[in-house]
Structures are given as structure tokens and as C-alpha cells.
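Reviewing the structure listed below.
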Amino acid sequence: MAAAPGATRRSVSNFPGGQIPSLRAVEEALRPTSLRVNGRQRMGDHYARTLALWRSCFLAADGIASFGFAPDFPRFWEFYLAYSEAGFRSGYLDLWQLRLTR
């Protein structure tokens, strides 16, 4: 996942304005409500496998160019999926499933 400082942050903007809250941020946001985290399960390893499957299917697909994307889109999308998979496999990124109760 080596890249020039900030290069990935600048180029991977599939979700402009999107935010990925930390687990702590979610729990803090719930404080003024009646909702509480009652259970949690790490899903990062599962998501890494999902990303690998998406990348494999994407690379095997025919006719991507016919969808009208920019010419560099396939290369960018493959990079995005591989980079994200590496982040989840390494534990740098994670995904949680939360159970909330009142």
C-alpha cells in the first residue's frame, strides 16, 4: 500500500463528502439517544474476501468499455478494489456489524 503521501486520499474519491465513522464516534453519537450498542462483530476479514471476489469478477468481465466509463476507469477501479482489500486484510481498515437496542 505504498504511495506518495496523500496520493490515495486524493485519487480515491468514489464517495465525495463521505465519512467513515470510528466505532467510538458511533457510540458517542448514540449517547444522547436511547440506543445502545448491544453487540458487535468484526467483519473486516469477510469484507477483504468480498473485495477480492469483486475484483476477480470485474477483471473477468467482458465489455466494460461499452458502459461508457472514462478510459482509465478499469485501471482505477482495479486499484481501488485491491487497495481496499489490502487495507482490510492488514487490519488498517475494519468493518463492524453492530446490534443496537433501546
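Throughout, residue positions are numbered sequentially from 1 according to the sequence presented.
Rounding to the nearest 0.5 Å gives a distance of 10.0 Å between CG of L95 and CD1 of I20. Separating the OH atom in Y80 from the CG atom in L51 is a distance of 7.5 Å, to the nearest 0.5 Å. To the nearest 0.5 Å, the span separating CG on L35 from OG1 on T101 amounts to 7.5 Å. A distance of 11.0 Å separates CE of M43 from CG of L98, quoted to the nearest 0.5 Å. The distance from the CZ atom of R40 to the CZ atom of R99 is 11.0 Å, given to the nearest 0.5 Å. Taking CD of Q97 as the reference point, atom CZ of R42 lies at 14.0 Å (rounded to 0.5 Å).
When every heavy atom of A48 is checked against every heavy atom of F88, the shortest pair comes out as CB-CB, 3.8 Å. Pairing each heavy atom of P74 with each of I64, the nearest pair is CG-CG2, 4.0 Å. The heavy-atom pair separating G87 from S90 by the smallest distance is O-OG, 3.1 Å. Looking at every heavy atom in both residues, L93 comes nearest to S84 through CD1-O, 4.1 Å. Shown here for R102 and S34, the closest heavy-atom pair between the two residues is NH1-OG, 3.0 Å. The shortest non-hydrogen separation linking L81 to R55 is CD1-CA, 3.7 Å.
F73 and F76 have tilted rings, their planes meeting at an angle from 30° to 60° on a 0 to 90° scale.
In this structure, Q41 and W96 have side chains that are not in contact, with every pair of non-hydrogen atoms separated by 4.5 Å or more. Side-chain contact between L100 and V37 is present, with at least one heavy-atom pair separated by less than 4.5 Å.
Pairs passing the side-chain hydrogen bond (donor to acceptor under 3.5 Å, both in side chains) check and including a residue from residues 45-54, sequence neighbours excluded, read H46-R49.
Side chain of S56 to backbone of A52: no donor-acceptor contact under 3.5 angstrom is found. With hydrogens and angles disregarded, a donor-acceptor distance shorter than 3.5 Å links the side chain of T33 to the backbone of L30.
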